[in-house]
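Numbered from 1 within each chain, the chains take letters A, B, ... in sequence-line order.
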Amino acid sequence: MRKTVALFAATAFATLISGGALAQTLVYCSEGSPEGFDPGPFTAGTTFDATRPVYDRLVHFEPGTTSVVPGLGLAESWDVSDDGLTYTFHIKPGVKFHTTGYFTPTRDLNADDVIFSFTRQSDQSSPWYQYSPGISWEYYNAMSMPDLIASIERVDDLTVAFHLTRPEAPFIANMGMDFASIVSKEYADQLQAAGNMVQFNQMPIGTGPFEFVAYQQDATIRYARFDDYWGTPAGVENLIFSITVDASVRAQKLIAGECDIMPYPNPADIAMLAANPNIVLEQQEGLNVGFLAYNTQQAPFDNPQVRTALNMAINKPAILEAVYQGFGQAAINPIPPTMWSYNTNIQDWEYNPTAARAMLEAAGVTNLTMNVWAMPVSRPYNPNARRMAELIQADFAAVGVTVNIVSYEWGEYLARSQEVTRDGAVLLGWNGDNGDPDNFLAVLLGCDAVGGANRAQWCNAEFDALVQQAKTVADQDERAALYMQAQEIFHAEAPWAPIAHSVAVMPVRSNVQGYVMNPFAIHEFATVTVQ
Amino acid sequence: MFRFLLSRLALIVPTFFGITVIAFLFPRLLKGDPVLLLSGERGVSPERYAMLNEQFGFDRPLIVQYFDYVWHLLGGDFGTSIATKSPVLHDFFALFPATVELSLFAVTFAVIIGIPAGIIAAVKRGSLFDQGAMGIALAGYSMPIFWWGLLLIVIFSTTLGWTPIDGRIGLRYFFDSVTGFMTIDALISGQRGAFSSAVSHLILPTIVLGTIPLAVIARQTRSAMLEVLSEDYIRTARAKGLPPRRVIGVHALRNALIPVVTTIGLQTGLLLAGAILTEHIFSWPGIGKWMLDSLSQRDYPAVQGGLILIALVVMVVNIIVDVLYGLINPAIRYRS
């Protein structure tokens with residue numbers, strides 16, 4: 001069966017791209033292979049890049065922003081009950097699922113598909129909960145969905161109500177995330193009946209702007225435009241992901257015209273790419289933050305004065321130059337400036353080693369020796385933690401603090417840095433999931449996260465109350481006011497030294513039009529055309 | 001010959017079980033926890049950690065996990081990858097033909113150039129050719145693969161435009177995989193230009209991957225030939241007036257080939273184990289890159305399954321080498 005399907009797809013695609021030039025084809029040199037094609041069980045951006053062409057969600061973010069706008073996704077609109085406990089989504093009528101060589105839908109999208117898309121991630125009695133050995137729903141769990149969703153109700157064919165256990169203002173933004181992609185229940189039923197459920201993760205069916213054609217493992221992924229797409233049709237007929245793991249090779253392919261867009265260029269290659277007249281460097285401020293988290297439960301870092309003094313000793317411009325190669329901006333608050341509710345009134349700690357040393361002495365801290373943890377991996381929010389740690393080591397030495405740099409294997413680093421009794425200060429960071437401030441402030445600095453993602457082990461009752469209150473308020477302006485207050489408390493208490501927000505660079509060939517960078521670092525191509 | 005083969009095959013069983021122990025323990029001896037890596041910066045609560053550990057079966061005593069694994073192995077079940085959620089066997093065999101194809105081209109390239117170069121260097125010992133060839137062989141042996149690959153790409157692909165940069169075939173060609181070998185599948189597809197595209201995509205990776213084996217084979221052939229050429233029977237053959245081509249090509253080369261065949265076998269085994277750097281540079285979808293990714297994610301089922309399958313392949317190659325050994329030198333099979 002699979003052979004026949006693959007042959008059909010091959011023939012169809014060959015027909016599509018025959019005629020010589022690949023003019024209606026967009027080639028994206030992706031940086032890695034997707035883990036699979038079901039967005040539910042995975043967490044990697046590379047996987048979401050590969051599933052985004054195929055699937056839609058109930059709500060979509062406005063391209064290039066973190067704002068959710070009604071009507072952009074599969075839900076035409078939604079209502080929130082007065083108590084904030086029920087979210088009712090009204091699904092667009094006439095939305096088609098892909099018709100491919102391996103699946104022919106007999107009906108349009110309806111409430112059953114929406115309900116199935118979520119219950120398969122929570123209902124342990126469903127055969128789809130473990131449809132492949134070892135499958136787990138990490139994002140669904142990480143976003144606390146099992147605790148949050150009390151039930152999902154089928155109101156009618158095109159209306160679904162989510163009943164929550166507590167008011168949760170970021171819920172709408174969560175529905176725009178990839179784990180909330182809407183899959184076809186009819187396709188799932190067909191595979192279950194055929195005893196071939198694993199295919200759900202290998203040959204996807206969705207309602208998105210492109211339909212899946214084929215995946216040659218670790219080599220290429222091919223998609224074709226879905227002509228019955230409910231929204232604006234994709235700008236190109238064919239979309240090919242050419243998997244190219246080496247960043248320098250990706251750059252060479254872009255120069256040679258073997259691909260049209262490439263992500264994550266090597267910083268050393270950026271000047272060469274910028275000098276090429278056929279290449280345009282698109283830039284987007286990342287929805288991320290890189291920080292140094294003190295352990296606020298351990299002396300002397302339990303003293304805000306000590307933390308503030310250390311923050312004043314860090315030379316951020318030097319770090320931005322050496323670590324981010326100029327593609328970053330100094331972080332002042334724990335959320336990035338592109339996020340709504342960012343408090344522009346807060347000024348960064350002044351870089352003043354003399355004053356910092358005096359503050360430390362005033363706090364009774366002399367001859368301090370501390371550990372600074374350097375991540376063993378490169379991340380967009382911190383491309384070179386070792387180098388950053390060395391620069392901080394030199395900065396702290398200038399104020400009389402001796403730094404020992406420590407590091408561990410990545411899994412161990414993540415686990416040990418969570419411990420409440422951990423020593424020193426940890427370099428880490430965060431990429432935003434859904435554009436909601438709660439996704440930074442509660443996840444990284446909330447009292448519930450102490451011993452977990454709150455690496456500062458900082459629990460401030462006033463800050464926590466504001467963040468928790470903001471979750472229950474529906475009005476965005478009101479929420480923003482609460483988050484701005486919370487950022488003032490953060491600044492006064494200085495549980496972290498926020499270091500930088502990185503800027504993502506995307507080299508694109510000049511004949512490519514309409515590419516919009518996504519602040520969540522997901523790469524989408526529905527709006528792109530090739531001249 | 002049959003007994004010789006049987007004795008070699010009999011060794012496979014204990015070797016296989018030894019390998020399962022090593023393959024099972026190796027990823028677990030490395031620091032790192034697949035469950036923690038799965039959860040990333042966000043961290044994982046102790047309850048969820050315990051649940052995932054139970055789900056993956058990592059909460060059981062190691063010895064129980066091992067025997068359970070071997071039991072499944074004997075049934076042909078290599079487990080499911082933690083990362084891709086696909087059966088390990090599926091992932092391995094989807095990628096292995098690409099590695100085999102590239103390895104065969106690289107070894108052929110190394111043999112075709114390496115053996116003649118080694119013979120000429122030995123015959124013309126001390127000549128400019130000898131010094132030049134051995135100098136190049138040393139350089140080839142010492143060359144950082146990464147730098148070598150990028151250099152060839154910049155010169156031949158980006159600057160001159162003679163060869164494609166990476167991949168196995170041009171993006172315009174798309175057909176169903178029948179054998180997994182792109183050159184053969186391209187021929188079967190009947191698409192015009194597909195075969196030449198597949199071959200052109202093999203040129204640079206073949207050169208890069210074949211460089212070190214070429215250097216090793218050339219040096220080995222030279223030293224083996226030098227040793228043989230100084231033997232009494234060669235002097236006798238020459239004294240009897242046999243033509244030099246026959247003395248070198250038949251009398252000397254046949255004996256000199258024994259260590260060279262061993263070297264070729266070892267090199268082939270190494271290449272089949274995955275050419276991580278070459279696959280990385282040329283985006284070649286083989287098992288080297290897959291193993292590296294699995295290792296960095298501490299994907300225990302994929303790493304242990306991959307190690308066992310690679311070991312099996314290397315064992316088979318070694319048996320073939322042993323058989324060839326016996327064919328070249330009958331004394332070996334009689335002794336065994």
Would you mind checking which part of [X] comes under 4.5 Å of any heavy atom in chain B, side chain (CB onward), backbone (N, CA, C, O), both or neither?
{"X": "Tyr408(A)", "value": "neither"}
{"X": "Asn141(A)", "value": "side chain"}
{"X": "Tyr381(A)", "value": "side chain"}
{"X": "Arg250(A)", "value": "neither"}
{"X": "Glu409(A)", "value": "side chain"}
{"X": "Trp410(A)", "value": "both"}
{"X": "Thr43(A)", "value": "side chain"}
{"X": "Val245(A)", "value": "both"}
{"X": "Thr244(A)", "value": "both"}
{"X": "Gln418(A)", "value": "side chain"}
{"X": "Ile243(A)", "value": "backbone"}
{"X": "Asp433(A)", "value": "side chain"}

If you count heavy-atom pairs under 4.5 Å with chain A, which of Met51(B), His280(B), Arg168(B) comes out on top? His280(B)
Quick check for you: among Ile82(B), Asp33(B), Asp91(B), which has the greatest number of heavy-atom pairs under 4.5 Å with chain A? Asp91(B)
Supply the atom-to-atom distance Asp269(A) CG to Asn276(A) CG, rounded to the nearest 0.5 angstrom. 12.0 Å
Residues two or more places apart in sequence or in another chain: which of them pass salt bridge (Lys or Arg N to Asp or Glu O under 4.0 Å) with Asp293(B)? Lys289(B)
Checking Arg28(B) side chain against Tyr300(B) main chain: does a donor-acceptor pair fall under 3.5 Å? no
Determine, for Asp68(B) against Arg60(B), whether the closest basic-nitrogen to carboxylate-oxygen distance falls under 4.0 angstrom. yes
With a 4.0 Å cut-off, would you call Asp38(A) and Arg120(A) a salt bridge? yes
With ring pair (Phe, Tyr, Trp, His ring centres under 6.0 Å) as the test, would you mind laying out the steps for Tyr223(A) and Phe241(A) before giving the verdict? CA-CA 9 Å; Tyr223(A) 308 88; Phe241(A) 280 32; 5.4 Å; yes
Looking only at heavy atoms, what is the nearest atom pair of [X] and [Y], with distance?
{"X": "Leu102(B)", "Y": "Pro205(B)", "value": "CD1-CB, 3.6 Å"}
{"X": "Phe58(B)", "Y": "Gln65(B)", "value": "O-NE2, 3.4 Å"}
{"X": "Ile165(B)", "Y": "Phe282(B)", "value": "O-CD2, 3.3 Å"}
{"X": "Ile261(A)", "Y": "Leu254(A)", "value": "N-CD1, 3.8 Å"}
{"X": "Gly36(A)", "Y": "Thr51(A)", "value": "O-CG2, 4.1 Å"}
{"X": "Phe212(A)", "Y": "Gln202(A)", "value": "CZ-O, 3.6 Å"}

Taking the six-membered ring for Trp and the full ring for Phe, Tyr or His, determine whether the centres of Phe179(A) and Trp137(A) are under 6.0 Å apart. no
Where on [X] is there a heavy atom nearer than 4.5 Å to chain A: the side chain, the backbone, both, or neither?
{"X": "Tyr49(B)", "answer": "neither"}
{"X": "Ile281(B)", "answer": "both"}
{"X": "Leu150(B)", "answer": "side chain"}
{"X": "Arg298(B)", "answer": "side chain"}
{"X": "Thr80(B)", "answer": "side chain"}
{"X": "Leu52(B)", "answer": "side chain"}

Looking at chain B, which one of [options] has the largest number of heavy-atom pairs inside 4.5 Å, strictly under?
{"options": "Gly452(A), Ala256(A), Ala142(A), Gly451(A)", "value": "Ala142(A)"}
{"options": "Ala449(A), Ser417(A), Ser132(A)", "value": "Ser132(A)"}
{"options": "Glu35(A), Gln217(A), Glu412(A)", "value": "Gln217(A)"}

Do the rings of [X] and [Y] sit parallel, tilted or perpendicular, given the 30° and 60° boundaries?
{"X": "Phe92(B)", "Y": "Phe96(B)", "result": "parallel"}
{"X": "Phe48(A)", "Y": "Tyr139(A)", "result": "tilted"}
{"X": "Phe37(A)", "Y": "Tyr215(A)", "result": "perpendicular"}

Which members of residues 152-160 of chain B, sorted by number, sit under 4.5 angstrom from chain A on a heavy-atom basis? Ile153(B), Val154(B), Thr158(B)
The test is side chain to side chain donor-acceptor pair (under 3.5 Å); show your working for Asp299(B) and Ser294(B) and say whether it passes. CA-CA 5 Å; Asp299(B) 189 344; Ser294(B) 304; 4.7 Å; no
